[in-house]
Amino acid sequence: MNGLKLPAWLTGQNSRALAAPLLIVMMLAMMVLPLPAFALDMFFSFNIALSIIVLLTSLYTVKPLDFMVFPTVLLVSTMLRLSLNVASTRVVLTEGHTGPDAAGKVIEAFGHFLIGGNYTVGIVVFVILTIINFVVVTKGAGRIAEVGARFALDAMPGKQMAIDADLNAGLIGEQEARTRRQTVAQEAEFYGAMDGASKYVRGDAIAGIIVTVVNIVGGLIVGMVQHNLEFGLAIKNYTLLAIGDGLVAQIPSLIISIAAGVVVSRVASDQDIGGQLIGQLFAKPQVLYVTAAIVGGMGAIPGMPHIAFIMLAAIMAAGGYMLARRAEQEAAAPKEQVAPTAAPEVEEASWRDVVPVDTLGLEVGYRLIPLVDQGQGGELLRRIRGIRKKFAQEVGFLAPSVHIRDNLELRPSAYRILLKGVEIGSGEAQSGQYLAINPGMVTGSLPGITTTDPAFGLPAIWIDASLRDQAQSMGYTVVDAGTVVATHLNHLISTHAAELLGRQELQQLLDHLGKEAPKMVEELVPKLIPLSTLQKVLQNLLTEGVHIRDMRTIIETLTENAIHTQDANDLTAMVRVALGRAIVQQIFPAANELSVMTLDGKLERLLMHALQATGADGTGIEPGLADTLVSQTEQAVRKQEQLGHTPVLLVPAPLRTLLSRFLRRALPQLKVLSHAELPDTKTIKVTSLVGGLA
C-alpha cells in the first residue's frame, strides 16, 4: 500500500473539478441508458435531499453573493429532474404492466401515501403544485431577479464612484477597493444569471405536465395494446405511476423555486432569513396584543370555530405579554457605568499624508481596464515595458515607471497621460475595435466612428474587427486599442524626455556609467561642475531631441571646457558640436547629401545685430522682425515638407541657440543646426531660403 499513489487528477482540487463534468455525464446517461428501479429510488431520493439542502442553504445565507453558485445549481437541478423524468418514463412504459412498484418504491410511495390512491385527488394536487410553482413562485422570483439586475446595473457607476471617492480619501486601501469593485460587478452578474435561470424552472413545470400526460396516455396504449391489460387495471397502474412520478419531481422543483425566491427577495443584512423574521415580525408587543384582540373577537362570532380562534388569541396575547415584560426588565436593570464610546478620532496629519506625485501616470476609464489587466489578457502593460526599454536604448537613460490606475471620472473609453500630476495628453480608445489611420493615400472610406489619431493628429476611424483586412487592403494603417494608447504614450515620453530626466535619474545614470569609467565621472562631478549644471546641459539636449546615449563624449567635452565656463547654454553648444555626427545621423539617417534651409543674408545680418543687442535669449527682437521670421520660416518648412525633406534650418553657430528657442513653439518639427555641427564628410544642398521669399 505504501507504493500505491493516486493520480494527481484524483486528488485535491482536481477531484472537485471533476464533480461537475461527471454529474453532467451522469444526467445524459440517465436519458439514454435504462435504469433499474433501485437506481431510480436512489436518484429520486438524492434529488429530494438536494432540494432540501438548497432551501436550507438559502435560508441561512446572509447575502445573495454568499450563494453565488445558485443560478448554476438551479440549472443543474432542473436538468437532473428532467433526466429522472426521462428515465422513469422509460421504466413506466416498459414495466408498468407489472404493478405500481414497477418504477421503484419512491414513486409508489408518492402515488399511495401522498394522494391516498385516489387518482382524481392526485391529478388535482399535481396540477395545483404545478400552478403554484409556475405562476406564483417562479414568475415572482424571476421578476424580482430581473428588476434587481436592472437596478444593480444602473447603480454600478454610482457605487464605483463611491469606492473611488473612499480610496482617494484614504478611507480604504487599494486591495479593499479592488474587492469592492469585484463585489459590485458580481452582484449585477448574479441577478442577471438568476433572471435567466428562473426560465429553466418555468420550463420544467410545463415539461412536468406534458410528461405526466404522456405517461398516462402512453401507458394506457402500451398496457392495453401490447400487454392486453383491461382498461381498469391499465388506468390504475399507469395513472398511479404517472402521478407519483410527477409529484416526486414537482415537489423538489417547488422547494428549489422557493429557495430562489428567498435568495433574490431578501434585503442584504448581517442576519439570516430566520433571524430577520423573528427579530422583525414579532418584535413589538403592541402588534401581538391587537392581533390577539381581533382573532379573539372573530372566535366569539357564532358559528366560528371558537376553540381554535380563542386558543390562538391567548397564545398571541401571552407572547405579547412576555415581550413587554422582557422590555421592562431590560429597562429596569441597573446599567453599568460605561464610558461613552468616543468617536474615532482623526489622526494628526503627518508626513505620511504627503503622497509624492507620480512622475508618469496613465489613467483609464472602466471600459479600458481589460487593456491594463493581465488577468483579462491585457497587453498594454507588456507594451509599456517595451516602450521604456526602447526609450532607454535609444535616448540613453531609463524613464520612470508608468503608474496605471482607473479613473471613474473619465468617460468609459477615455484615458489621459499625466506628467508629475499634470495632464499632457488624452484620448479615447474603443476596446475591442481597431483604429484605421489614414496616412493620406487610402482608396476608399469605411463605416465607423470618425476621429483623429491621438498621437500625431492624423484622420482616423474606429472600425469593427471584421473590417480589419478590408481597411488594410484600402491603404489604412490599422492598429488595436492597446497600440493606440501605447503609441500616444511613447510619443509623449519622447517629447517630454527633458522633464523626465530628474536628479534621481541622472544620479542613476552616472552610477551606471561609473561602473565602467569611475575616474571619468569622478573628475567631472562634482570637481568641475555641479550635478545641477550637468542636468541642465542634458535637459537642453533632450529638449531639442538630441539623444544622450554617448555619455562618454558628453562627459569628455564638459571636462575639457568646464574650466573655461560654467554657463549651461555655452556648454550645451560645445557638446552639440562634439555630438555633431550623431545629431546629423539622427536627422538624416544614411544620407550623404543634406537638404537644408538657410537664412537670407540680409535677415541673417539683422538677427546677428539683434543678438548683439539683446543677448542669446532673443527676448528683445523687434516685433515686426519676429513676425517676419516666423512667417517666412513657416513657408520654407511647408516647401521643404512638400519636397519630402526633413525641415532643417542651417544657421551660423552664434544664432543657433537663439533661433532654436525662438522657433520651437511655432514649429516644433523644425530642427536648427549650426555650421559647426555638420561633419566634413557631408554635402550640403540648400533647398529653401528663409527671408528671401516673395
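- Note that the CG atom of Leu80 and the CZ atom of Phe43 stand 8.0 Å from one another [nearest 0.5 Å].
- Here the CD-CG distance, from Glu363 to Asp406, works out to 9.0 Å after rounding to the nearest 0.5 Å.
- Distance OH/Tyr415 to CG/Asn407: 14.5 Å, rounded to 0.5 Å.
- Residues Pro252 and Ile48 share a closest heavy-atom pair of CG-CG1, 3.8 Å.
- Leu380 CG to Leu362 CG: the interatomic distance, rounded to the nearest 0.5 Å, is 6.5 Å.
- If you take CG on Asn47 and CD1 on Ile52, they are separated by 10.0 Å, rounding to the nearest 0.5 Å.
- When every heavy atom of Ala292 is checked against every heavy atom of Ala317, the shortest pair comes out as CB-N, 3.7 Å.
- Between Ser77 and Leu50 there is a side-chain heavy-atom pair separated by less than 4.5 Å.
- Contact check on Asp480 versus Arg383 returns a salt bridge, with a Lys/Arg side-chain nitrogen under 4.0 Å from an Asp/Glu carboxylate oxygen.
- Val364 is not listed as a side-chain neighbour of Val485, based on a closest heavy-atom distance of 4.5 Å or more.
- Minimum heavy-atom separation, Tyr289 to Ala324: OH-CB, 4.0 Å.
- Minimum interatomic distance between Arg468 and Tyr434 (heavy atoms only, all atoms of both residues): NH1-OH, 3.3 Å.
- The shortest distance between side-chain heavy atoms of Ile384 and Ile404 falls below 4.5 Å.
- Here the CD1 atom belonging to Ile449 is positioned 8.0 Å from the OG atom belonging to Ser413, to the nearest 0.5 angstrom.
- Of all non-hydrogen atoms in Leu410 and Ala414, the two that sit nearest each other are CD1-O, 4.1 Å.
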